[in-house]
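If you're wondering where the values come from, they're calculated on a predicted model, not measured in any experiment.
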Amino acid sequence: MRLLTHNMLSSNIKGVTNGFPLRIEVEKAIEKQVDFNPDFLKNMFPKIDWKALLDASRTMGYAELPDETPDSSMLDSDEFLRKFHHALLELHLEEGALVCPETGRKFPVNKGIPNMLLHEDEV
């Protein structure tokens, strides 16, 4: 599961008001090379929750992103775009769990696929 996917998932358990961002528990993380596409990154940047991406990338062992949310002028920096690209698209959670910040419910991730199905009492 890419961190791009993680940035768009939230817990939909009945009664949960704060289901984003899901905390990552890493058992196995891998890196997969993806073609660099600056136009895609520039279009995705406004849609990304920076703090969620920053925390997730650090949990995955990648600490190259700036602490503060970059302003749009950073999108002209090839160095920044490559770091953003790596965190967003090349870091993969292969095995582990996504944890609801409110309830602590763990959603397993197996072979890079998050299982977000709810139990009967959670819908």
Worked check of side-chain contact (heavy atoms from CB on, under 4.5 Å) between Phe107 and Leu9: CA-CA 11 Å; Phe107 298 95; Leu9 291 175; over 6 Å; no

Is there a donor-acceptor pair closer than 3.5 Å between any side-chain N or O of Thr103 and the backbone N or O of Cys100?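 No, Thr103 side chain to Cys100 backbone: no donor-acceptor pair under 3.5 Å.
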
Taking Ser57 for the side chain and Leu53 for the main chain, is one N or O donor matched with an acceptor at less than 3.5 Å?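 At least one qualifying donor-acceptor pair exists.
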
Please work out whether the ring planes of Phe80 and Phe45 are parallel, tilted or perpendicular, with thresholds of 30° and 60°.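 Plane angle over 60°, so perpendicular.
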
Please enumerate all residues that pass salt bridge (Lys or Arg N to Asp or Glu O under 4.0 Å) together with Glu122, with sequence neighbours excluded.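 Residues passing salt bridge (Lys or Arg N to Asp or Glu O under 4.0 Å) with Glu122: Arg105.
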
Taking side chain to side chain donor-acceptor pair (under 3.5 Å) as the definition, give me every residue that meets it alongside Asp78, ordered by chain and number, with sequence neighbours left out.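 Applying side chain to side chain donor-acceptor pair (under 3.5 Å) to Asp78 gives Arg82.
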
side-chain contact (heavy atoms from CB on, under 4.5 Å) for Leu93 and Ile24? Distances and angles first, verdict last. CA-CA 9 Å; Leu93 177 62; Ile24 295 176; 3.8 Å; yes

Do His92 and Glu31 meet the criterion of a side-chain donor-acceptor pair at a distance under 3.5 Å?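 No.
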
Check ring pair (Phe, Tyr, Trp, His ring centres under 6.0 Å) between Tyr62 and all other residues, then give those that pass, not counting sequence neighbours.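 Testing Tyr62 for ring pair (Phe, Tyr, Trp, His ring centres under 6.0 Å), a comparison that skips the adjacent residues, returns His86.
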
Electrostatic pair Lys111-Glu94, nearest N-O below 4.0 angstrom: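 No.
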
Does the side-chain contact (heavy atoms from CB on, under 4.5 Å) test come out yes or no for Leu22 and His6, once each step is laid out? CA-CA 8 Å; Leu22 297 166; His6 169 264; 4.2 Å; yes

Nearest heavy atoms of Leu81 and Lys42, plus distance in Å: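 Smallest heavy-atom distance, with atoms named: CD1-CE, 3.8 Å.
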
